[in-house]
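Worksheet: the structure to be examined is printed underneath.
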Amino acid sequence: MNATYTAIAKLFHWGMALVFAGLIALGFVMTDMPLSPEKLQYYAWHKWAGVSVFVLVWLRLVWRVLNPPPVYPRTMSPLLQGVAHLGHAALYGLMVVIPVSGWLLSSAKGVPTVWFGVLPLPDLLEKDKELGHLLQEVHEALNFLLLFLLAGHVAAALKHHCIDKDDILKRMLPTRSVTLKDNT
């Protein structure tokens, strides 16, 4: 029985956490900028990273299926385990849906998505200004939902570490080894 996540799972977790932090920060910065070449470059970077997240989340999901996560400690109630599973499912769902909503938004606004400035991706929708505005609102709302869930995710990890004193947080840390004491 695995007591800790694999090194690859940890790399996916922390790497994507950094990418999401950058994407969200860039999203806040670029939307408030006046139209300029710099703003257009920021949008291009944001879209490149968004497409990359979409690809990485599928790789991460395949890895997770092939390398199941460690079981929860027996001290964790079935209700809390269910909430944790729902929270993780929601996070994974948003990691898929948010990039798609951005791609739809770009398509509806008539702005092509070109991954790393090299690979043009097909438009998913015809140009439609009103739909583009609606999809922008949806994209923003989904990102705020992601921020809310991420805050809950971090709070739960800290609760496990500081209050419950179990190994839930330790097993995802990059260099920590975890014993099976809390998982038996």
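Reckoned from all heavy atoms, side chains included, excluding hydrogens, waters and symmetry mates.
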Could you list the cluster mates of L66? Members are the ILVMFWY residues connected by side-chain heavy atoms closer than 4.5 Å, either directly or through other members. V62
Any side-chain heavy-atom pair of P122 and W103 under 4.5 Å: yes
So, taking the atom named CH2 in W63 and the one named CG in L56, what distance separates them when rounded to the nearest 0.5 Å? 14.0 Å
Flag the pair H133 / E137 as yes when at least one side-chain heavy-atom distance between them is below 4.5 Å, and no otherwise. yes
Determine the minimum heavy-atom distance between K165 and C162, stating which atoms define it. NZ-O, 2.9 Å
Output yes when a side-chain donor or acceptor of K47 lies under 3.5 Å from a complementary backbone atom of P112, and no otherwise. yes
Working to the nearest 0.5 angstrom, can you tell me the gap between S101 OG and Q136 CD? 10.5 Å
For V118, which fellow cluster members are found when Ile, Leu, Val, Met, Phe, Trp and Tyr are connected by side-chain heavy-atom distances below 4.5 angstrom, either directly or through intermediates? none
Hey, could you give me the NE2/CG distance between H13 and L18, rounded to the nearest 0.5 Å? 10.5 Å
Quick one: pull up NE2 in H160 and CG in D167 and give me the separation to the nearest 0.5 Å. 11.5 Å
For the residue pair P70 and R171, what are the closest heavy atoms and their distance? CB-NH1, 3.1 Å
In this structure, CE of M172 is separated from OH of Y5 (nearest 0.5 Å) by 4.5 Å
Return the OG to CE distance between S52 and M16, rounded to the nearest 0.5 Å. 10.0 Å
Below 6.0 angstrom between ring centroids: does that apply to Y42 and F28? no
Is the shortest heavy-atom distance from the side chain of R64 to the side chain of P69 under 4.5 Å? yes
Is the shortest heavy-atom distance from the side chain of L131 to the side chain of E126 under 4.5 Å? no
side-chain contact (heavy atoms from CB on, under 4.5 Å) between D166 and Y72, worked out: CA-CA 10 Å; D166 62 25; Y72 291 115; over 6 Å; no
Students should find that the hydrophobic cluster of L40, defined by side-chain heavy atoms under 4.5 Å apart, otherwise consists of L35
Residues at least two apart in sequence or cross-chain that pass side-chain contact (heavy atoms from CB on, under 4.5 Å) with T31, listed by chain then number, are Y43
Side-chain contact, heavy-atom cut-off 4.5 Å: H46 with L23? yes
Candidate pair L135 and L125, rule side-chain contact (heavy atoms from CB on, under 4.5 Å), full reasoning: CA-CA 11 Å; L135 287 168; L125 298 170; 3.6 Å; yes
Between T113 and V51, is a side-chain contact (heavy atoms from CB on, under 4.5 Å) present by the stated rule, with each step listed? CA-CA 9 Å; T113 299; V51 173; 4.0 Å; yes
Which donor-acceptor pairs under 3.5 Å do side chains of residues 80-100 form with protein atoms, sequence neighbours excluded?
residue: Q81; atom: NE2; partner: M76; partner atom: O; Å: 2.9
residue: H88; atom: ND1; partner: A84; partner atom: O; Å: 2.9
residue: Y92; atom: OH; partner: R60; partner atom: NE; Å: 3.2

Can you give me every donor-acceptor pair (side chain of residues 146-155, partner residue at least two apart or in another chain, under 3.5 Å) with its distance?
none

From CA spacing to verdict: side-chain contact (heavy atoms from CB on, under 4.5 Å), W115, V55: CA-CA 11 Å; W115 197 19; V55 171; 3.9 Å; yes
Does K127 NZ have over 12 foreign heavy atoms under 6.0 Å away? no
Looking only at atom types and distance, does a side-chain atom of W14 sit under 3.5 Å from a main-chain N or O of A9, one as donor and one as acceptor? no
